[in-house]
Amino acid sequence: MEIYTQGIGEKRFSPEEIKINFNFKIHAKTYEQTLNEGIKKVDEFTKLLEKLNFKRETFKTLAFKVYEETKYDKEKQKDVLVGYIYNHDASLIFDYDMKRLSRLIQEISKLKDGPKANISFSLKNEDKAKSACIDKAYKNAKTKAEAIAKSAGKKLLECKKVSFESFDEKVESATKFNGMAKMALQDSYSMHSIENIIVPQDIEVSQELYCLWVAE
């Protein structure tokens with residue numbers, strides 16, 4: 001007798017890392033002025049990070065460009081050049097520490113034309129989290145198979161096949177990560193409010209397994 005079962009393993013993990021994505025956007029009339037002001041703004045920010053005991057090399061550039069800014073001119077009936085835009089995306093990742101995050105947010109809120117920022121919380125080792133869920137998913141699938149075999153008056157012998165995809169059809173994804181993502185920095189926050197009000201939710205990891213068992 002063959003038995004097909006689906007096992008689901010779910011676990012919650014406390015955040016281990018904080019990741020902040022920054023966006024610097026500078027507008028100016030000339031290309032040279034835009035580039036110089038953008039570089040100066042980012043350099044000043046990295047010095048602020050060093051002041052807060054972040055290493056400069058942990059501030060990673062994700063994308064960088066300087067491009068023309070245009071505006072539609074009704075009289076000329078075409079887009080005309082009005083200046084240039086410096087756009088710089090970067091990220092900062094550090095160990096989970098709400099006090100450190102609070103201090104950083106407080107300092108960013110003091111900056112004139114500071115960068116936009118989005119905060120997310122994550123795990124350091126996603127593979128380890130997946131492995132823990134795979135173990136639960138397999139045990140869950142086996143428990144179901146044992147129950148079916150017992151109901152049929154048979155004994156479960158072995159698992160012949162395991163897959164992350166259904167044996168009948170494709171499934172979307174085998175593993176899902178859901179963690180608190182995002183907090184945009186716009187207004188001024190006090191260190192007290194950050195530490196006492198913002199509590200990141202646990203990161204949920206879910207794994208599905210499909211198993212083929214033999215019973216007799």
Side-chain angles (χ1 to χ4, degrees), residues 12-70 81-131 175 177-205:
R12 289 175 174 267
F13 299 86
S14 297
E16 298 172 337
E17 286 185 332
I18 297 174
K19 180 178 181 179
I20 309 179
N21 286 330
F22 298 99
N23 175 253
F24 299 83
K25 186 168 285 188
I26 309 298
H27 300 259
K29 290 294 184 181
T30 68
Y31 180 91
E32 184 178 20
Q33 182 185 6
T34 305
L35 180 61
N36 289 338
E37 289 186 11
I39 292 174
K40 180 181 178 182
K41 184 72 68 175
V42 175
D43 185 58
E44 289 174 349
F45 188 75
T46 56
K47 289 177 180 176
L48 169 63
L49 292 178
E50 290 179 321
K51 176 184 172 184
L52 297 174
N53 295 319
F54 289 99
K55 293 182 179 180
R56 180 179 283 258
E57 57 267 26
T58 61
F59 182 70
K60 304 288 187 179
T61 295
L62 303 175
F64 162 79
K65 64 180 177 178
V66 179
Y67 56 95
E68 295 181 347
E69 181 179 14
T70 60
L81 181 67
V82 295
Y84 294 84
I85 296 175
Y86 173 99
N87 193 85
H88 191 136
D89 294 319
S91 68
L92 178 70
I93 301 176
F94 55 98
D95 289 345
Y96 181 81
D97 186 332
M98 288 305 292
K99 286 186 177 181
R100 200 176 189 194
L101 174 62
S102 299
R103 176 72 188 283
L104 177 57
I105 292 173
Q106 190 178 49
E107 292 300 319
I108 292 175
S109 69
K110 298 175 183 177
L111 297 176
K112 181 181 179 181
D113 299 325
K116 291 183 179 179
N118 283 292
I119 302 171
S120 60
F121 304 88
S122 60
L123 300 175
K124 289 184 178 181
N125 191 335
E126 292 185 355
D127 287 339
K128 185 177 180 181
K130 291 179 186 179
S131 295
T175 307
F177 287 85
N178 296 307
M180 178 180 176
K182 68 182 188 223
M183 183 176 95
L185 306 187
Q186 295 177 346
D187 302 321
S188 176
Y189 296 90
S190 71
M191 190 176 294
H192 175 80
S193 66
I194 293 296
E195 288 186 40
N196 294 279
I197 295 176
I198 297 177
V199 180
Q201 67 184 30
D202 287 342
I203 296 170
E204 298 176 358
V205 182

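Salt-bridge check for Glu50 with Arg56: passed, with a basic side-chain N closer than 4.0 Å to an acidic carboxylate O. In this structure, Lys130 does not pair ionically with Glu126, as no charged nitrogen and carboxylate oxygen lie closer than 4.0 Å. Ion pair Glu107/Lys110 flagged as a salt bridge, since at least one NZ, NE, NH1 or NH2 atom sits closer than 4.0 Å to an Asp/Glu carboxylate oxygen.
Looking only at side-chain heavy atoms (C-beta outward), Leu49 and Leu104 come within less than 4.5 Å of each other. Looking only at side-chain heavy atoms (C-beta outward), Phe64 and Val42 stay at 4.5 Å or farther from each other. Between Leu101 and Tyr96 the shortest side-chain heavy-atom distance does not fall below 4.5 Å. In this structure the side chain of Thr58 never reaches within 4.5 angstrom of the side chain of Ile93, judged on heavy atoms.
Counting all heavy atoms, side chain and backbone alike, Ser91 lies closest to Asn21 at CB-OD1, 3.3 Å. The heavy-atom pair separating His27 from Glu69 by the smallest distance is ND1-OE1, 3.2 Å. Here the closest heavy-atom approach between residue Ser14 and residue Leu123 is recorded as O-CD2, 3.6 Å. Listed here is the closest heavy atom pair of Ile20 and Ala117: CG2-CB, 3.8 Å.
From Phe13, atom CZ reaches atom CG of Asp202 across 10.0 Å, with rounding to the nearest 0.5 Å. Interatomic distance, CZ of Phe22 versus CD1 of Ile108, reported as 4.5 Å (0.5 Å rounding). For the atom pair CG (Asn118) and NZ (Lys19), the distance works out to 11.0 Å, reported to the nearest 0.5 Å. Between the CZ atom of Phe94 and the CD1 atom of Ile18 there is a distance of 4.0 Å, given to the nearest 0.5 Å.
The backbone N or O of Glu32 sits less than 3.5 Å from a side-chain atom of Asn36, completing a donor-acceptor pair. Between the side chain of Arg100 and the backbone N or O of Asn53 there is at least one donor-acceptor pair closer than 3.5 Å. Proximity of a side-chain donor or acceptor of Glu16 to a complementary backbone N or O of Lys124 within less than 3.5 Å is detected.
Ring geometry for His88 versus Phe59: interplanar angle under 30°, hence parallel rather than tilted (30 to 60°).
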